[in-house]
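Below you'll find the structure, written out as structure tokens, and then a few comments.
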Amino acid sequence: MLYLETPANPTLQCVDLAALGALAKKYNCLVACDNTFATPYLQQPFAHGADFIIHSTTKFLNGHGTAIGGILLGKDVERMKTSIGKFFRTTGACASPFDAYLLTQGIKTLEVRMDKHCNNAEQVAAFLENHPAVAKVNYTGLSSHPDHAISAKQMRHPGALLSFELKKGLQGGIDFMNKLQFCVRAVSLGTCDTLLSHPASMTHFSVPKEEKEKYGITDGLIRMHVGIETAADIIADLHQALQ
Ligand SMILES: *Cc1c(COP(=O)(O)O)cnc(C)c1O
């Protein structure tokens, strides 16, 4: 099985779904795609040869950070009803009624939320790209991103995730995170709120430097999920925290 994630954490690297779908077909290989970052609104991997799609419903599908969950979609309905359905039933991987209720409420506003997330992310990316304290912005909506063309080909919009590198490295990242007042210091994504994390001092603190750099995690890298607040409020907080 070819297992893909596009766009991927934390550099927003994208892979060409149609090209890899064709390659997998040539070798008679199944394709599974984690579509959590994009959501079904921005990207539909079945149209590009995927056999399975995985979403963490904890993120944009629920949309409010109120319940954890996940979903597996299969193109082959018969297979989903038989072998995979049997596995699902016997392992008990189902949501509680209340979590399912929160998901079905949240998912109704997916499209309107995504439009706002995406619009805000564009404004935030443009602000960061022009800020003197920022060395680099990873956002596929910017023509400077190496996967700009792949993202434009297979996604409706580049989405609401981005990362950026502070010129002042590790200490710059720590200082920036401590100054945030409006945006939230948290991992995860897909909530109404803007979430930021500093992998080098948080999630990847204990990972050796060479290994971190192999995945594009530099000391000054900040990961950002752009929420659906008023864009000017998000930008004002970034502005003061970057001083
Ligand atoms: C969060 C996330 C997961 C895991 O989902 P949980 O609901 O947190 O278990 C898997 N893939 C991607 C891309 C994610 O962002």
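Please read all numbers here as calculations on a predicted model, not as lab measurements. Atoms within each ligand, like the ligands themselves, are counted from 1 in listed order.
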**Asked** Will you find, in the side chains of Asn138 and Ser163, an N or O donor that is under 3.5 Å from an N or O acceptor?
**Response**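 Note: Asn138 and Ser163 side chains meet the donor-acceptor criterion.
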**Prompt:** Rest of the hydrophobic cluster containing Phe52 (Ile/Leu/Val/Met/Phe/Trp/Tyr, side-chain heavy atoms under 4.5 Å)?
**Reply:** Met1, Tyr3, Leu30, Ile54, Leu72, Met80, Ile84
**Request:** Would you mind listing the cluster partners of Leu102? Hydrophobic ones only (ILVMFWY), side-chain contacts under 4.5 Å, chaining allowed.
**Result:**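 Leu102 clusters with Phe98, Tyr101.
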**Asked** Same hydrophobic cluster for Met155 and Leu142, using side-chain heavy-atom links shorter than 4.5 Å among ILVMFWY?
**Response** no
**Item:** Sequence-distant partners of His131, ring-ring contact (aromatic ring centres under 6.0 Å, His included), two or more places apart
**Value:** Phe127
**Request:** Please find out if less than 6.0 Å separates the ring center of Phe60 from that of His225.
**Result:** yes
Ligand 1 polar-atom proximity to protein (N/O, under 3.5 Å):
unit_1   : atom_1 : unit_2 : atom_2 : d
ligand 1 : 5 (O)  : Ser56  : OG     : 3.0
ligand 1 : 7 (O)  : Ser56  : OG     : 2.6
ligand 1 : 7 (O)  : Thr58  : OG1    : 2.5
ligand 1 : 11 (N) : Asp34  : OD2    : 2.7
ligand 1 : 15 (O) : Lys59  : NZ     : 2.8

